[in-house]
There are 2 protein chains.
Amino acid sequence: MVARYELIADELREEILAGAHPVGSQLPSEAELAKRHGAARGTVRQAVAVLVAEGLVGSRQGARRIVLGAARSQSFAELHSFAQWARAGGHRFGGQVIEQRRRRPSAAESARLGDGEVLEVLRLRTLEGEPVLVERTVYAEWVAPAVERLPADCESVTEALYDAIGLVFAYGEHLIDAVAAGVQDARLLGVRRGSPLLRQRRTTTTHEGRPVETSDDRYRAGSVAFSIRNSIGANPLVRQAIDLRSRPGEHMFDL
Amino acid sequence: MVARYELIADELREEILAGAHPVGSQLPSEAELAKRHGAARGTVRQAVAVLVAEGLVGSRQGARRIVLGAARSQSFAELHSFAQWARAGGHRFGGQVIEQRRRRPSAAESARLGDGEVLEVLRLRTLEGEPVLVERTVYAEWVAPAVERLPADCESVTEALYDAIGLVFAYGEHLIDAVAAGVQDARLLGVRRGSPLLRQRRTTTTHEGRPVETSDDRYRAGSVAFSIRNSIGANPLVRQAIDLRSRPGEHMFDL
DNA sequence: TAGAGGAACTTGTACAAACAAGCGAGCACT
DNA sequence: AGTGCTCGCTTGTTTGTACAAGTTCCTCTA
């Protein structure tokens, strides 16, 4: 079942994206929205809270809410799945396992994933036919068998693992910085050694908080950017717009 | 006045950070928290929603909430102010204007800041005495006079502008990627040309949605990292922990 | 013993009502 | 003309209630 407030939020979002509420203009008051939708004020409030969290709308006590952006908030776009992100952006993409082996975890890894043997996988991902991402993922022992059963050119590991064992990546922690390309990075991505790469290190867990994997992902510079919207008051946010047409070859990851 | 749910959220956060609710354990149910604090369930719900948004707690229908992390969520830590971030992390920091001039805006700039003349400022920021950040900021015409009145070694532009004209940076949009250091970057940061830099491009606006500035900030690799927590369900989140002791020379920016 | 079924618990959604607090416009006064 | 104040509007906070929906665990049955 879809919640009422979700429907109202969707409708408002559509109106904003369609230009019915231009950037800088005021949104209707909660009272009016409530009357229009025949809903209680609390429900309407929950709806606009969604938009505020998305960074589409700004809110402060006493003043009407204003529209901050009309960019298509490509909805969820979790940070976890390269495939889901690429697909949402309408990109062609692919992936290939380069290397895969079991080994004992390092101290840092066992602290995050547990004591058992881990599975390390090196994947190369392509976007529009170009190699853009080197992914070094370390899986916890309990998911290792399922990962090993995947084909080497599996497009979406996230989706494949969901189909296979019902695994859901629910929570994630991410660290983003820049590093110089190493020898292997350079060879796989087709760039010079030492050239800049955008690195995303992450650890993900299930609903229950059970650790699944940690990963070190490195993007070729100029191919992908992370994008964030935030507001001072309360709900920070994450997620955001994509418009690739303006600068070909540069893509964005929604946060 | 501080809201009740904020107080409850603070108390819960402290408990988690203090280890009273270890990572992976269950939080008390809403009913129990309500009884304990003598508050209505709705209020408690709002409190835990804050923690969920911070990524400290995971939540799903039917099951008790679980603790996901015990990292010190250095609270707000807006993406806007280098000074505020550095101070919250207990760092020594400084800043120096290298160059400053008025000029006509480019097409992209006037689309974001308006048609008037803009003020471009080049600043070099230091952390622990080391140069780590080159900041190229373009201010809209209406803030230019106030910015020009600031001392060249102003520590916190954000705070200085607030004190001077009551300006509040309320909303921001950020784009994060990696670039190679240019000639000027290399000279200022003391690195080789072409070495990796972490770039953050941002546009900020006031409460009312009035554009204030756009900036291109470049961090020396290995000095700063961005950190994000997110969850699949709903509330994205932003903000996160800092622990520098483990990897000296590497710092984090809370998102 | 394995699996189905169900009861108790817990979080999610929705409505209603009241007051607090901040904003903005218009008004009166200087 | 400019200043300060008040009043209405709008968002923020809190309480209470009811039901929906998902989880967990125990029990009963085949």
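Below, read A as the first sequence line, B as the second, and so on, with proteins coming before strands; counting in each chain starts at 1.
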Can you tell me how far P of D/dC9 sits from CD1 of A/Ile66, to the nearest Å? 22 Å

Could you say whether A/Gln61 or B/Arg60 is positioned toward the 5' end of DNA chain D, judged by the nucleotide with the nearest heavy atom to each? A/Gln61

Rounded to whole angstrom units, what separation is found between the CD atom of B/Gln46 and the C1' atom of D/dT15? 12 Å

Do B/Glu173 and B/Arg202 make a side-chain contact, defined as non-hydrogen atoms from C-beta onward lying under 4.5 Å apart? no

Does C/dC15 have OP1 or OP2 sitting under 4.0 Å from an N or O in the side chain of A/Thr43? yes

I'd like to know if A/Arg64 reaches the base of C/dG24 with its side chain, counting only an N/O donor and acceptor under 3.5 Å. no

For DNA chain C, what residues of residues 29-40 of chain A have any heavy atom nearer than 4.0 Å? A/Ala39, A/Ala40

For a quick test of reading the model: is some side-chain N or O of B/Arg45 closer than 4.0 Å to OP1 or OP2 of C/dG12? yes

Protein-nucleotide distance (B/Gln26, atom CD; D/dC25, atom C1'), rounded to Å: 12 Å

Gap between atoms CD and P, on B/Glu6 and D/dG12 respectively (whole Å): 13 Å

C/dC23 P sits how many Å from B/Glu208 CD, rounded? 9 Å

Does the C/dG12 base have a donor-acceptor partner in the side chain of A/Arg4 within less than 3.5 Å? no

One pair to check against side chain to side chain donor-acceptor pair (under 3.5 Å): B/Glu213 and B/Ser215. What are the steps and the verdict? CA-CA 7 Å; B/Glu213 49 147 40; B/Ser215 189; 5.4 Å; no

When rounded to whole Å, the CZ to P distance for the pair A/Arg41 and D/dC9 reads 14 Å

A/Arg65 side chain: which of C/dT11, D/dG12, C/dA14 is closest? D/dG12

For the pair A/Arg125 (side chain) and A/Gly95 (backbone), establish whether a donor and an acceptor sit closer than 3.5 Å, ignoring hydrogens and angles. no

